[in-house]
Amino acid sequence: MEFSAKQIAEYIQGIIIGDEQATVHTFSKIEEGIPGALTFLANPKYTHYIYETKASIVLVNKDFIPEHEVTATLIQVDNAYESLAKLMTLYEMSKPKKTGIDPLASVAQNAKIGENVYIGPFACIEEGAEIGNNAYIHPHVTVGCNAKIGENTILYPNVSIYHDCRVGNHCIIHSGSVIGADGFGFAPSTEGYEKIPQIGITIIEDHVEIGANTCVDRATMGATVVHRGAKLDNLIQIAHNVEVGSHTVMASQVGVAGSAKIGEWCMFGGQVGVAGHIKIGDKVNVGAQSGIPGNTKSGQSLMGYPAIDPKLFARSSAVFKKLPEMYSELGRLQKELDELKKQLNK
């Protein structure tokens, strides 16, 4: 399927610089551009590629001013990356999609299956489960008893949705993720640890995307909730009774301990650790590998462990590198001080 620069510009409300009849049929990275491909320039580090790319059309921000001749047709937009996302979404939606239940799938008789649903081979939809319209259930997915999957939601291979859990509309859950496994609850006893039954559920609200091999545990009582629009990367652990606020994003290997409450529009770098039973405000940004041991006010940027202001952390890190020579210097000064004391006491 081909699109012209004119069609693309009309869809994303851009301004064409060059041939409005230039056509594309695929996407590429700017450094790997080929004729017939559409690409974009958003990061200034890649600017030099725009003068040599073979791509036919390049999306650029409106403040981009070329310093040399550009052979590709440019489309100026307010946000090149955002516009690319819109075009790629349109492209993905135009692909033909399967519908129907594969003969090798196992679907309980009393499960409710919506319209235009696809259920792949070896998927298992258990008793009382509900699958919304246009949902796409890939092979080897398990949807447990009385679980509910919303409309237009995609579950990739080997996703497990435990019993009674709920996944909203327009969600994407990638391979190997587990929604609703037992929270880590054990009571110490003289003979070891007694398991505390986890009788709550997990709720994933609308427009949430969850990466591969991420786990969102069910609550001890009540619900673990990932609110609308949140995005979780691969290999993340969300413990029991946690709440993740709307539109919060987390990079890989973040771990959130039980009953932590995380606000809206937060951004967590990779391997951030969050202590249990604390509250993190809205729009909190946390650098990679940081640890948050206590409550955090809205609007803060944090880094390190315990997490502090990034500028303070950077200055502290600079001092940390000098600690060995500072320690040696301190020892030398201590010796001089001891010698002076001896002389004064004579």
Side-chain angles (χ1 to χ4, degrees), residues 27 81-82 84-102 105 113-125 129-144 147-162 165-181 201-218 223-238 242-254 256 262 264-268 270:
F27 294 88
Y81 191 66
E82 184 179 303
L84 178 76
K86 289 180 180 178
L87 292 171
M88 294 183 79
T89 300
L90 179 66
Y91 176 76
E92 189 69 19
M93 289 173 61
S94 68
K95 290 182 179 179
K97 289 184 170 55
K98 296 179 181 179
T99 58
I101 300 173
D102 190 278
I113 309 299
E115 298 178 358
N116 300 316
V117 167
Y118 172 68
I119 301 177
F122 305 107
C124 179
I125 313 299
E130 297 182 18
I131 309 295
N133 297 335
N134 305 305
Y136 204 94
I137 311 298
H138 283 262
H140 296 280
V141 168
T142 297
V143 179
K148 295 181 180 180
I149 308 300
E151 297 181 356
N152 299 292
T153 283
I154 301 172
L155 304 182
Y156 280 100
N158 298 303
V159 166
S160 296
I161 310 295
Y162 277 41
C165 293
R166 303 204 293 270
V167 178
N169 303 318
H170 303 280
C171 292
I172 300 173
I173 302 181
H174 289 276
S175 295
S177 290
V178 180
I179 307 301
I201 63 172
T202 297
I203 298 173
I204 309 297
E205 293 187 346
D206 298 346
H207 296 281
V208 169
E209 182 160 352
I210 295 176
N213 296 316
T214 284
C215 296
V216 185
D217 291 347
R218 71 193 312 111
T224 302
V225 184
V226 179
H227 286 287
R228 178 184 176 88
K231 312 297 180 186
L232 309 184
D233 198 359
N234 305 329
L235 298 166
I236 286 175
Q237 164 64 23
I238 304 296
V242 166
E243 282 192 41
V244 177
S246 298
H247 309 292
T248 283
V249 294
M250 297 180 177
S252 181
Q253 298 183 15
V254 167
V256 183
I262 298 170
E264 301 178 351
W265 295 100
C266 294
M267 300 180 71
F268 289 4

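What you see below is based on every heavy atom in this structure, not just the backbone, and it leaves out hydrogens, waters and symmetry mates.
- Between D217 and Q237, the side chains place a donor N or O and an acceptor N or O closer than 3.5 Å (distance only, hydrogens not considered).
- Within the model, atoms CG of N152 and CE of M93 stand 8.5 Å from one another, a figure rounded to the nearest 0.5 Å.
- Minimum heavy-atom separation, V256 to M250: CG2-CE, 4.0 Å.
- The ring-ring contact (aromatic ring centres under 6.0 Å, His included) check on H247 picks up W265, with sequence neighbours excluded.
- Shown here for G211 and S177, the closest heavy-atom pair between the two residues is O-OG, 2.5 Å.
- Listed here is the closest heavy atom pair of V117 and N134: CG2-N, 4.0 Å.
- For K86, the NZ atom is loosely surrounded, since the number of other residues' heavy atoms within 6.0 Å does not exceed 12.
- E151 and H170 form no side-chain donor-acceptor contact under 3.5 Å, judged by distance and modelled atom types alone.
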Verdict with reasoning, I204 to T202, per side chain to side chain contact (heavy atoms under 4.5 Å, CB included)
CA-CA 7 Å; I204 309 297; T202 297; 3.9 Å; yes
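- Between the side chain of S160 and the backbone N or O of I179 there is no donor-acceptor pair closer than 3.5 Å.
- Using modelled atom types, no side-chain atom of S246 and backbone atom of E264 make a donor-acceptor pair closer than 3.5 Å.
- Taking CD1 from I154 and NE2 from H174, the interatomic distance works out to 8.0 Å, rounded to the nearest 0.5 Å.
- Here the side chain of T214 pairs a donor or acceptor atom with the backbone of L235 at under 3.5 angstrom.
- Taking OH of Y156 as the start and CD1 of I137 as the end, the distance is 11.5 Å to the nearest 0.5 Å.
- Between the side chain of T248 and the main chain of V244, no donor-acceptor pair closer than 3.5 Å is present.
- You'll find the side chain of V216 reaches within 4.5 Å of the side chain of V226, heavy atoms only.
- V159 and I173 get closest at one heavy-atom pair: CG2-O, 3.5 Å.
- For the atom pair I131 CD1 and T153 OG1, the distance stands at 9.5 Å (nearest 0.5 Å).
- With I125 as the partner, the side-chain contact (heavy atoms from CB on, under 4.5 Å) test is satisfied by one option alone out of I161, V143, I149: V143.
- When all heavy atoms are compared, the tightest approach of I203 to A223 is CD1-CB, 3.8 Å.
- Here I210 contributes atom CD1 and C215 contributes atom SG; the two are 10.0 Å apart, rounded to the nearest 0.5 Å.
- With hydrogens and angles ignored, the 3.5 Å screen pairs no side-chain donor or acceptor of E205 with any backbone N or O of H227.
- Under the ring-ring contact (aromatic ring centres under 6.0 Å, His included) criterion, Y136 pairs with Y118, H138, not counting sequence neighbours.
- With rounding to the nearest 0.5 angstrom, the CZ atom of F27 is 5.5 Å from the CG atom of L87.
- Under a 3.5 Å cut-off, the side chain of K231 and the backbone N or O of H207 do form a donor-acceptor pair.
- Judged purely by atom type and a 3.5 angstrom limit, D102 has no side-chain atom pairing as donor or acceptor with the backbone of G120.
- Looking only at distances, a side-chain donor or acceptor of R218 sits under 3.5 Å from a matching main-chain atom of G180.
- Within the 4.5 Å cutoff, the side chain of T224 has heavy atoms near those of the I238 side chain.
- Nearest heavy atoms, G245 versus A230: O-CB, 3.9 Å.
- Judged by distance alone, the side chain of D206 and the main-chain N or O of N169 form a donor-acceptor pair under 3.5 Å.
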